[in-house]
Amino acid sequence: MQNETRYISSNAAEYIPVGALRNGVRILLLGAPGVGKGTQAKELQKLWRIPHISTGDLLRAHVVQGSSLGKLAREIMARGELIPDSLIAQMMDNRLQEPDTFNGYILDGFPRTLDQAIWLDSRVTGVGPGPSMIAIEIRMDLEQLRHRITGRRNCPVCHTIYNLFANPPKRAGYCDKDGAPLAQRTDDTTKVFEERIQIYRRSTAPVVEQYRVMGRFAAVKGDRPIEEITAEIVAAVDRLND
Ligand code: AMP
């Protein structure tokens with residue numbers, strides 16, 4: 001076990017391991033849109049102090065900046081389709097050159113195609129030995145996912161996130177905290193969700209299968225409290241990171 005692990009919890013039965021990884025690790029968080037990869041990545045980033053790199057967030061930042069990549073990505077993302085592999089590879093190549101990645105990172109939303117997985121593999125082996133690579137799949141039932149995504153609304157002012165099914169605002173359509181009208185991400189609509197799921201099945205499920213067969217892989221169930229999933233991921237990484 002390579003973690004310097006200590007445990008904190010008010011409830012001794014629910015140990016949450018914390019602490020920086022001694023030798024770092026490269027984590028690939030895999031799973032369909034909406035399973036909670038981003039949420040888990042943020043928790044793991046706090047525990048391990050390695051960066052959370054989300055290709056979706058990087059692309060949204062390009063859209064906001066109005067860069068040439070952002071201009072191209074905007075419509076593709078709104079349709080729920082994938083950005084061409086070559087552009088994603090270029091964007092990731094830039095990000096992975098930043099020094100905060102040298103002791104490992106958590107990738108969220110990448111790789112999404114077999115070609116991206118091949119690119120990552122050669123990129124990682126090309127820079128010589130480094131932290132080990134571990135793939136974690138978060139799994140969830142499709143109907144639950146549909147509710148999670150299509151019910152998601154956010155407050156554009158204070159950024160509170162609601163869910164019409166699981167965590168609705170008190171007054172339909174408005175933020176509880178500041179009364180602002182709630183918004184929906186353009187790629188969270190039912191039509192776009194169905195498109196994203198189809199693309200996931202076609203392009204990304206084979207990537208998950210490839211990492212499963214290669215080993216250094218664990219699958220965790222995503223329909224549970226956030227801390228439970230985090231603890232299971234940490235335990236799996238402890239086990240696999242030898
Ligand atoms: P996400 O926030 O990860 O759900 O990503 C939002 C959107 O960004 C996706 O629906 C795609 O249009 C695009 N995107 C994110 N990551 C990738 C990737 N690795 N390859 C291609 N497109 C991506």
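Whatever order the structure lists them in is the order used to number ligands and atoms, beginning at 1. All of these numbers come straight from a predicted model, not from anything done at the bench.
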Return the residue, atom name and 0.1 Å-rounded distance of the protein heavy atom closest to [atom].
{"atom": "atom 10 (O) of ligand 1", "value": "Arg196 NE, 3.6 Å"}
{"atom": "atom 12 (O) of ligand 1", "value": "Glu81 O, 2.5 Å"}
{"atom": "atom 20 (N) of ligand 1", "value": "Gln116 NE2, 2.9 Å"}
{"atom": "atom 8 (O) of ligand 1", "value": "Met77 CE, 3.4 Å"}
{"atom": "atom 6 (C) of ligand 1", "value": "Arg60 NH1, 3.6 Å"}
{"atom": "atom 22 (N) of ligand 1", "value": "Ile83 N, 3.1 Å"}
{"atom": "atom 1 (P) of ligand 1", "value": "Arg112 NH2, 3.6 Å"}

Worksheet item: Is Arg185 in contact with ligand 1, taking contact as a heavy-atom separation below 4.0 Å?
Response: yes
Response to the item:
Per-atom filter on ligand 1: closer than 4.0 angstrom to a heavy atom of Thr55 are 15 (C), 16 (N), 17 (C), 19 (N)
Fill in: Contact atoms of ligand 1, heavy-atom distance to Phe110 under 4.0 Å
19 (N)
Fill in: The single option from Leu28, Ile233, Ile27 passing side chain to side chain contact (heavy atoms under 4.5 Å, CB included) against Ile134
Ile27
Short N or O distance, [X] and ligand 1, threshold 3.5 Å exclusive:
{"X": "Asp108", "result": "no"}
{"X": "Asp187", "result": "no"}
{"X": "Asp57", "result": "no"}
{"X": "Ile88", "result": "no"}

Judged by modelled atom types alone, do [X] and [Y] share a side-chain donor-acceptor pair under 3.5 Å?
{"X": "His52", "Y": "Asp108", "answer": "yes"}
{"X": "Tyr162", "Y": "Arg153", "answer": "no"}
{"X": "Thr189", "Y": "Gln184", "answer": "no"}

Discussion item. Under a 3.5 Å distance rule, please check whether Gln116 uses its side chain to pair with a backbone N or O of Arg112 as donor and acceptor.
Written reply: yes
Practice prompt. Kindly say whether Asn163 contributes a backbone atom to a donor-acceptor pair with the side chain of Arg152 at under 3.5 angstrom?
Written response: no
Worksheet item: More than 12 heavy atoms of other residues, nucleotides or ligands under 6.0 Å from CD1 of Ile226: is that the case?
Response: no
Ignoring hydrogens and angles, write down the donor-acceptor pairs under 3.5 Å from the side chains of residues 123-130, residues two or more places apart or on other chains.
from, atom 1, to, atom 2, distance (Å)
Arg123, NE, Asp93, OD1, 2.5
Arg123, NH2, Asp93, OD1, 3.4
Thr125, OG1, Asp121, O, 2.8
Thr125, OG1, Ser122, O, 3.3

Worksheet item: Counting only heavy atoms, which portion of Lys37 has something under 4.0 Å from ligand 1: side chain, backbone, both, or neither?
Response: neither
Discussion item. Distance to the ring centre below 6.0 angstrom and angle to the axis at most 45 degrees; does that hold for Arg196 and Phe193?
Written reply: no
Item to complete: Measure from atom 13 (C) of ligand 1 to every heavy atom in Asp188, Thr113, Leu59 and give the option owning the shortest one.
Response: Leu59
Worksheet item: Salt bridge between Lys221 and Asp223, side-chain N to carboxylate O under 4.0 Å?
Response: no
